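In what follows, a single structure is set out as C-alpha cells and then discussed.
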Amino acid sequence: MTNLITVSNGVKESEYGKILFSDVLVTKKRNLFMGRKWRTHDIRMVLWFLFIHLLALLAPYVYLGRILGCNVHLHVVWIMRSKCVVSP
C-alpha cells in the first residue's frame, strides 16, 4: 500500500519530517521554549525541576556515608515488606 502525500501551501515533499513509529508527516517544527505562551503551571514545573536538580548538585556535599547505609537498609526493608504484604 502506498502512502499518499498531499502537498499544501507550497511546501515541497522533501521538507516533510516523519514522526518516529508513525505515518504522520509534519512540516513545522515546534519550539518548546521560545515563542509560546507560558502558563503558571509551566513556570511552576520548570522551577520545581530546577530546584530538584540544584538539590542533586548539592547532595555530595551534605550526604554522609552513614546516611547512605541507612537509606540502603530502609530500601531493603521496604522491598521485603512490600513482597510480604498480600494484596486482595
Side-chain angles (χ1 to χ4, degrees):
M1 177 176 223
T2 306
N3 291 336
L4 298 176
I5 300 173
T6 304
V7 180
S8 62
N9 297 331
V11 178
K12 297 177 185 174
E13 189 174 333
S14 62
E15 295 178 10
Y16 279 92
K18 183 154 175 35
I19 297 176
L20 189 63
F21 303 119
S22 174
D23 291 335
V24 177
L25 299 174
V26 293
T27 58
K28 182 180 176 185
K29 290 190 177 190
R30 288 184 14 189
N31 191 342
L32 298 177
F33 296 104
M34 306 305 284
R36 67 176 291 220
K37 181 161 174 59
W38 286 81
R39 300 178 308 168
T40 306
H41 179 72
D42 297 332
I43 294 170
R44 284 184 191 156
M45 294 302 290
V46 167
L47 290 175
W48 180 252
F49 180 83
L50 291 174
F51 175 71
I52 292 298
H53 284 82
L54 177 66
L55 287 178
L57 288 174
L58 295 175
Y61 302 107
V62 295
Y63 212 66
L64 303 174
R66 296 187 315 255
I67 298 172
L68 178 64
C70 182
N71 282 345
V72 169
H73 180 324
L74 289 174
H75 183 71
V76 169
V77 169
W78 184 259
I79 289 174
M80 289 171 50
R81 178 187 173 275
S82 66
K83 299 288 184 189
C84 292
V85 175
V86 177
S87 59

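What you see below is based on every heavy atom in this structure, not just the backbone, and it leaves out hydrogens, waters and symmetry mates. Quick caveat, the model's predicted, so the values are computed rather than measured.
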Connected-component partners of Leu54 among ILVMFWY, side-chain separation under 4.5 Å: Leu58

Please tabulate, for the side chains in residues 66-74, all donor-acceptor contacts under 3.5 angstrom to protein atoms that are two or more places apart in sequence or on a different chain.
unit_1: Asn71; atom_1: ND2; unit_2: Tyr63; atom_2: OH; d: 2.2

Could you go through residues 41-51 and list every donor-acceptor pair under 3.5 Å that involves a side-chain atom there, pairing it with any protein atom two or more places apart or in another chain?
unit_1: Asp42; atom_1: OD2; unit_2: Arg36; atom_2: NH2; d: 3.1
unit_1: Asp42; atom_1: OD2; unit_2: Arg39; atom_2: N; d: 3.2

Taking salt bridge (charged side-chain N to carboxylate O under 4.0 Å, His left out) as the cut-off, I'd like each qualifying pair that reaches into residues 67-79, sequence neighbours left out, listed once. none

Tell me whether the count of non-hydrogen atoms from other residues, nucleotides or ligands lying under 6.0 Å of CH2 in Trp38 goes above 12. yes

